[in-house]
Amino acid sequence: IFSNTDPRDVTVLLSLKDQWQNTPPSWGKSDDPCGFPWEGVSCNNYSRVTELLLSAMGLSGKLSGDIGGLTELTSMDLSFNRGLTGPLSPRIGDLQNLSILILTGCSFNGNIPSELGNLAQLSFLALNINNFTGEIPPSLGKLSNLYCLDIADNQLTGSIPISSLTETPGLDLLKKAQHFHFNNNQLSGQIPGTLFSSEMVLIHVLFNGNNLTGGIPSTLGYVQTLEVLRLDRNALTGNVPLNFKNLTNLTELHLEHNQLSGPFPDLTGMKDLNYVDLSNNSFQQSQAPDWFGILESLTTLVAEYGSLEGTVPQKLFALPQIQQVKLRNNAFNETLDMGRTIGQQLKVVDLENNEIAFAALGSGYDNTPILLAGNPVCSADLAKTNYCEDMQPLPPYCTSLANCASTSCPADKKLSPQSCECAHPYEGTMYFRAPSSRELSNYTLFHQLEISLWTKLNLTPGSVSLQKPFFNVDDLLQVHLAFFPSVGEYFNRSEVQRMGFALNYYIFMPPEQFGSFYFRPFPYTFGAERKNAISKTIVTAIAACSVILGLLLICLGIYAVRQKRRAERAVELSKPFASWAPSRKDSGGAPQLKGARWFSYDELKKSTNNFSEKNEIGSGGYGKVYRGMLPSGLFVAIKRSQQGSKQGGHEFKTEIELLSRVHHKNLVGLVGFCFEQGEQMLVYEFMPNGTLRESLSGKSGIYLDWKMRLRAALGSARGLTYLHELAIPPIIHRDINTRNILLDENLTARVADFGLSKLGSDSSNGHVSTQVKGTPGYIDPEYYMTQKLTNKSDVYSFGVVMLELVTAKLPIEKGKHIVHEVRMAMDKNDEECYGLGNMMDPAIRNAANLVGFVRFVDLAMQCVEESAADRPTMSELVKELETIILQNDGLDTNSTSASSIGTSSATVFGMTKGNKEIREDLENSGESLPSTDFSRL
Ligand SMILES: Nc1ncnc2c1ncn2[C@@H]1O[C@H](COP(=O)(O)OP(=O)(O)OP(=O)(O)O)[C@@H](O)[C@H]1O
């Protein structure tokens, strides 16, 4: 029997299936996990399994050595399957192609196998939240490509291994690592001085919650890239190194709950520091340092249980970002004078249990709780005032169920805030490591989080419930979340998998104020399994048929009522658009569109021949795409959103307002939109010559020679430059790939699909408030890890596009990433092909002279530099591409139309299409076009 799966891999998967309980229902339904896909299994063109993604599937059992047989595996994610137990087999070290290994939130125990050190490709290793014991294997130091090492929340003991002269490896060799997450273990001994050096690029060093002793090594001060440093809750002694003040990129510093001594730390140079906690140490008695009043980014200053004396500096309260000043249990003893100007964001000043005898408090900060209980002033001037009482904090935020009146649900279900119906939500806890706000009752902030969750997880607006946020013992903001299905009571497996993936792979990014996070889902019981149980009961209880029939009728009744409610809800949801229809006089809510117009549903229906299959030209994340012809004869591409991808009315409005403002010859323009009869459609200019990918794969019949590829690169780079630098507000595309670069009738490259784009940030640090997924293979690894989105993330994706132009290969083929492959193959001594002879697209390899080839490849490789700071900007890229094009016979760089190069008839082998040809296509396909339309041709 023909099978699409390599028999070796079938054997391994069958063995896993036997060892595990609760595998997805599709497992075992066929003997061909690639061909008749088993959920969570992905394969390459060579029938080998490359991905095993089974996060939060409720799996239980062991992971035996058989897994070592999946030798082409590049990604394995078994996270949050609490039932997975037992030790990790050393054979995991046989997975030579593994790049991502995520076993977070399972119950694996025993030692971390030292064989993991053999996985030379590994870039992401997450073993956190398990029961691993023993020491950190020094062999992990051999993982020279490792980007993230997360072994937090285990029971690891021993010291942190470093390399030695006897050639034992150690973690000091991990020069590419950006994340050392070792927190909440039982690690002991000193933090080795040689662990850190100036060559390292660490962003997060999380060593909190261990038993580390000795001093903080001054070498940490050399790691200039550091952004978050957590050494709290250890037993560290000695002085804070003097060179700490040079860590100018640090945003968060936790040194609390240690036994540090010496002078109070000097953090003067930390201009980006926004959160600092130095509480519960043994620093020398001193006045408050100068930096209290000069760190402009500071939001939270905590230095409780110390021996600061003298005055609390006035300037501290005037810092522009300051929200919390927590200095209780110190020895401040002079008059408290907060001055006239206080920061707009100031939420709490806690100075309880100091020795303040006088306070000059004006009226400017009536709304800021100032806690002074336990100071002499409370027995004198301020006695019996609010300042001296225990303040009751406002209740924390909870998603409102006020609309659902007093509806209650059985114990196993919960009330959906969106439909007010009882359902089985997908639940979990989200932990935020460094939120910039400490306000737990802030409606706007938490509601924004809900909106970003339902938008990015493709859920119905309002279907996220967020309960009682609080700061836990680790000072992480902990939030309970429940996601409700849009239809019915249950999510299906692929929906749960999709949400789990988005939340665990940082594809979802919360609003900027929340910063980095991790998510721990609760096990989910799927509806189908329940139904199975029910159906067995039915079989054994055939005699009760009539009762069941009766029940069914009742269900039908309930269904009808629900449908009615849902319809009412849909009407309600579209209310913001009621004023859009041109017939309405009220234009208060009308979108501010520039050059795009409103279409009625009937108009678009007619233009696509009733959305006929023949008019379908593709489909993507948003929904199906149809070709349509307007009465004017203009061809358009109509993107019709499918059920899951519909947005809230206001969001849709904001999006089209944004899209309609963007006009550039290298961008696919928005012609209009439709928001009617429950439909959301975007109408774009039609690009008759398909996508760049279709040209490179030969599918569209359009052959692009070297010069045309250069033009395509320049054109799309110009389009992107416009988005980044000229659009107001600036836009980061976020999903640049060769499917989103289209070719118009002149073969000019036009960047499309801003559906995933959101407003770029005006601020230079490039944070944005929401995040969306990009396309695997094109996603900037730095963005992926840090969740900080900048224009440079587009530059990375564009670099991948440039490599595709050279090789015609997909960015990930046979589990290998194009960037890595090109980097390995590059050979500066090979003047002609730069070492890429075997990788180049044969269609251009044999051409006589590829002028500027080496420069082009170099440029592409700069774009895909690991660190965003090393990549060029889009406008720099445009200049470089123009220079390369000029080298090519002094071509006119003003034309970015690929066909305008050279003698077009000689270089364009395939037929390119213009409007006329499309019409002919339609006629030949026998498709009926509205006669009125035809007469205008
Ligand atoms: N303006 C257009 N003109 C012509 N064809 C288009 C146009 N826009 C999209 N298409 C076609 O429709 C297909 C689907 O496009 P769409 O943008 O919805 O998805 P995608 O970019 O392939 O994937 P994703 O939504 O995941 O980014 C494209 O591959 C392309 O063939």
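In listed order, ligands and their atoms are each counted from 1. We use all heavy atoms of the structure for the numbers below, so side chains are in, but hydrogens, waters and symmetry mates are not.
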Exercise for the section: Check whether any N or O atom of T691, backbone or side chain, sits under 3.5 Å from an N or O atom of ligand 1, and answer yes or no. Expected result: no
Completion exercise
ligand 1 to E685, heavy atom cutoff 4.0 Å, flagged ligand atoms 1 (N), 2 (C), 3 (N)
Exercise for the section: State the atoms of ligand 1, each with its element, that fall below the 4.0 Å cut-off from a heavy-atom position in E694. Expected result: 31 (O)
Problem - ligand 1 atoms in contact with L742 (distance to a heavy atom under 4.0 Å) - result: 1 (N), 2 (C), 7 (C), 8 (N)
Handout entry: Sub-3.5 Å N/O-N/O distance, M687 and ligand 1
Key = yes
Handout entry: Electrostatic pair D753-K639, nearest N-O below 4.0 angstrom
Key = yes
Completion exercise
Near F686 (heavy-atom distance under 4.0 Å), the atoms of ligand 1 are 3 (N), 4 (C)
Completion exercise
Here the pair of heavy atoms bringing L667 nearest to E685 is O-OE1, 3.9 Å
Problem - Polar contact flag for N737 and ligand 1 (N/O pairs, less than 3.5 Å) - result: no
Completion exercise
Of V668, V625, L682, the one whose closest heavy atom lies nearest atom 18 (O) of ligand 1 is V625
Fill in the blank from the handout: Partner of D780 under side chain to side chain donor-acceptor pair (under 3.5 Å), picked from K792, R871, R734, is R871
Exercise for the section: Under 4.0 Å, heavy atoms only, figure out whether ligand 1 is touched by the backbone of T775, its side chain, both or neither. Expected result: neither
Handout entry: Identified side-chain contact (heavy atoms from CB on, under 4.5 Å) partner of I818 from the options I812, V864, V800
Key = V800
Practice task
Could you see which bit of K639 sits under 4.0 Å from ligand 1, with heavy atoms only: side chain, backbone, both or neither?
Solution key: side chain
Exercise for the section: Classify the side-chain pair Y626/S612 by whether it contains a donor and acceptor separated by less than 3.5 Å. Expected result: no
Problem - Short N or O distance, Y684 and ligand 1, threshold 3.5 Å exclusive - result: no
Handout entry: Any K624 heavy atom less than 4.0 Å from ligand 1
Key = no
Exercise for the section: Classify the angle between the aromatic ring planes of H817 and Y796 as parallel (below 30°), tilted (30 to 60°) or perpendicular (above 60°). Expected result: parallel
Practice task
Examine the side chains of T460 and Q418 and answer whether a donor and an acceptor come within less than 3.5 Å of each other.
Solution key: no
Problem - Under 3.5 Å: donor-acceptor pair, side chain of N737, backbone of T775 - result: no
Practice task
State if S619 counts as touching ligand 1 under the rule of any non-hydrogen atom under 4.0 Å.
Solution key: yes
Problem - D602/S600 under side chain to side chain donor-acceptor pair (under 3.5 Å): CA gap, chis, key distance, verdict - result: CA-CA 5 Å; D602 287 342; S600 71; 5.5 Å; no
Exercise for the section: Check ligand 1 against D735 and write out every atom of the ligand that is under 4.0 Å from a heavy-atom position of the residue. Expected result: 27 (O)
Fill in the blank from the handout: For A637, the atoms of ligand 1 under 4.0 Å from one of its heavy atoms are 1 (N), 2 (C), 3 (N), 7 (C)
Problem - Main-chain N/O of G623 paired with S641 side-chain donor or acceptor, under 3.5 Å - result: no
Fill in the blank from the handout: ligand 1 to D753, heavy atom cutoff 4.0 Å, flagged ligand atoms 17 (O), 21 (O), 24 (P), 25 (O), 27 (O)
